[in-house]
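Remarks on the structure that follows.
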Amino acid sequence: MSDETTRPDSIGTPRGAMSRRTFVRYVGIAGFLAACQPVAQPGPGPAATGPAVKEVLIGGVHPLTGGSAFDGTTTDQGARVAVDEINDGGGIRSLGGAKIRYESADTQSKVDVGVAETERLIRQGVTALIGYQSAVVLAMTQVAEREKVPFVISLAVADEILGRGFKYAFRTGGSATIAATQTIQYLKEVSKAKNVDVKRLAILHNDNLFAVGIGKLLEEIGKKEGYEIATKIQYPLAATDLTNEVQRIRSASPDVIFVSSFYADGLLAARTIANLKVDAKAVWGSLNGGFSQPKFAQELGKSAEFIMDNNWATNERSDAGKRLAAAVAKKFPNDPYNFNHLYGYACIKVLAGGLERAKSADRDKLRDALAQNSLAFPESSQKGPIEFDATGQNKNAVTSLLQIQNGKVVTVWPQDSAATQPTFPIPPWSQRS
Amino acid sequence: MDPTVLAQGLVSGLLIGGVYALVAAGLALIFGVMRVINFAQGSLLMVGMYISYWLRQLWGIDPYLSIPIVAVALFALGYVAQRAVIDPARDAPEHNQLLLTLGLSLILQNTALALWGASFRSVSLPYTDATLSIGLVAIGLTKVAAFVAAVAMIAALYLLLTRTDLGREMRAAAEDRVGALVIGIDVRRVHAVAFGIGSACAGVAGALILPFLHVSPNVGEVFVISAFIVVVLGGMGSVVGALVGGIVVGVAGSLGAALLPAQAGSLNEIVLFVLFVGILLVRPSGLFGTRPV
């Protein structure tokens, strides 16, 4: 210990059993071990179909926990409401009143868990599956396609999902392209109607498959429609702080800030915009996971006021829409009714329609029936029925523009289904109480 | 280059760096005294967050007032875990000890998953949005509080190590276990106390970030990786090194988010790891290391 001066706070020993090199090596090994994930075992998929069908088993694979828990849980609730409605109304008539049995599984918002659960449900002999969340559905539909099981998607919008020529995947909701195109279209229409000059757009999105896709589409379509992209910023989904990202947006001085995010990071983004008092003519989501949720408006309070979002919406003027909202509120009073309920409901209704037409619980016959099916969808703001094109996409899917006004999410565009006028441009922070 | 963006990057990075430093100081203490790499440090932070969260949800206790409770609870958890799990393996090869802490981490994470699910939870507090504005730079007061409290706790740890009998015992046990035993130090107790204090550092860091961050069973992962970088950067087993290293890591990550090309968003970490490799090349013993290895 002669000339080795140890700092007073230093608690390492010169004769230490482990060198820093060993430390670094072990940290590396442990990191690798921690990153290793169990791999799901592919299993055989027996098709459980017999001549006399008493019951049709349908599986739902949704994120009931994890980052997308709220969306997944409410989609699942919507599906359950539809199952009850069909069973109470006499089941599937063409199958002698066979009841639907709905089995729900949790993807935990993770791809590997979703794939494992999909395989488990297929082994249990489900006739068809429904599911949600882009990154996970992308993998789950791959399994369903391999096993030839019809898979009806609610609001997993990534273009890639139906871009692979799959035969067994159908989507009742819209695609990212439909949503982004209508986002720019509504911006154009609203700014024209309100006589507001909009040139520069900022795009903020997380690094998940879904949000990256929307961000890219908004940039492409925005440019094509003559807008200037002031800045486009991507942040990690697990970000703990967005202050730097939002400051960069302010310094680019955009007219409109587009945000594509999930719930938790959307809340963080909106809160940061409010705390930094960044002024723009609109803060506008495109299929945002939070911006048009009643829960979001509640949690963020005054800072949520005037936030807009292009999203799927219930037709608040139709009796069917009101009836569905009431049925959901009665069965699940703890979670506010939202568009996830609507599309979870639609998935089951589409499958029920397919089963009626197929007159069989055979997976292949059901698939063929779904491809030709046409289901009226008066609960939503879309005009025509749900009908699938060659890729399995609902051709009539449309978004509405929603805005938080007085703490409530209301439809403000297109005009014919709007409950009220959009507030555009939104008032600057200095003029808010 | 917009000066506001630069200033915001520096301030945000400095503040979160304090939290990184506190987590890393606990890691450095455990490593310094016991030569054990504690891979459970991030999970202990997560446990601290959940304790603080439930104290708030069930009894309305403010997260800042929950700090003493969290500290005591995590100290006890660390102390018991060391005695029950790590101590029996004290003469085993190092990689066995490392795997033990990794196992401990997995147990804690999966217990939290089983008890509370994977959902994000957050507390709503009257001061969540309290913000201090200097020009266009905005500073969340909860982040300032986290920084100040973290630095205060690191200072207390420093004083404990340098000015108290317990601290001297720890340093003695660290330098020469047999020698410490010969002069009558209860080395096993010292090890357990060090593990307890290291765990308490992580738990307190958890309570400090709860006011501005969602909690989930995996929340510790972000912090544990940065803590390892901080420890190697600052010099192993050095508490002051952990403080400086924490701030360097915080500022580097934040400036990455502020200055890298806008499309590169998720590449912030590149800045961090380039810095990390650079320092290892130039000063292999870390900024505050006492000898080259």
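Remember, predicted model here, so these are calculated numbers, not experimental data.
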*asked:* I need the minimum non-hydrogen distance between A:N244 and B:V5, along with the two atoms involved.
replied: OD1-O, 4.4 Å
_Minimum-distance pair of heavy atoms, taken over all atoms of B:V137 and A:Q247_ = CA-NE2, 3.7 Å
_Looking at B:R163, I'd like to know if its CZ atom is crowded, meaning that more than 12 non-hydrogen atoms belonging to other residues, nucleotides or ligands lie closer than 6.0 Å._
no
_Quick test of your reading: applying salt bridge (Lys or Arg N to Asp or Glu O under 4.0 Å), list the pairs with at least one residue in residues 214-236 of chain B, sequence neighbours left out, ordered by first then second residue._
none
*What salt bridge (Lys or Arg N to Asp or Glu O under 4.0 Å) pairs are there with at least one residue in residues 262-274 of chain A, not counting sequence neighbours?*
A:R271-B:D129
*Please report the closest heavy-atom contact between A:T243 and B:A138, naming both atoms and the distance.*
CG2-O, 4.3 Å
*Per-residue contact mode, B:L136 against chain A (heavy atom under 4.5 angstrom)*: both
*Under 4.5 Å heavy-atom distance to chain A, tell me which part of B:S105 shows up: side chain, backbone, both or neither.*
neither
_Contact class of A:L267 relative to chain B, heavy atoms under 4.5 angstrom_ = side chain
_Which atoms of B:S124 are under 4.5 Å from chain A, going by heavy atoms: the side chain, the backbone, both sets, or neither?_
neither
_Counting heavy-atom pairs closer than 4.5 Å to chain A, which one of B:A130, B:S254, B:A194, B:A173 comes out on top?_
B:S254
*Evaluation steps, side chain to side chain contact (heavy atoms under 4.5 Å, CB included), between B:H214 and A:L268*: CA-CA 10 Å; B:H214 289 81; A:L268 187 61; 5.9 Å; no
*asked:* With a 6.0 Å cut-off (strictly less than), is the heavy-atom count around NZ of A:K295, excluding the residue itself, greater than 12?
replied: yes
*Please test B:Q8 against A:L276 for side chain to side chain contact (heavy atoms under 4.5 Å, CB included), starting from the C-alpha separation and ending with a verdict.*
CA-CA 11 Å; B:Q8 184 76 57; A:L276 296 181; 4.1 Å; yes
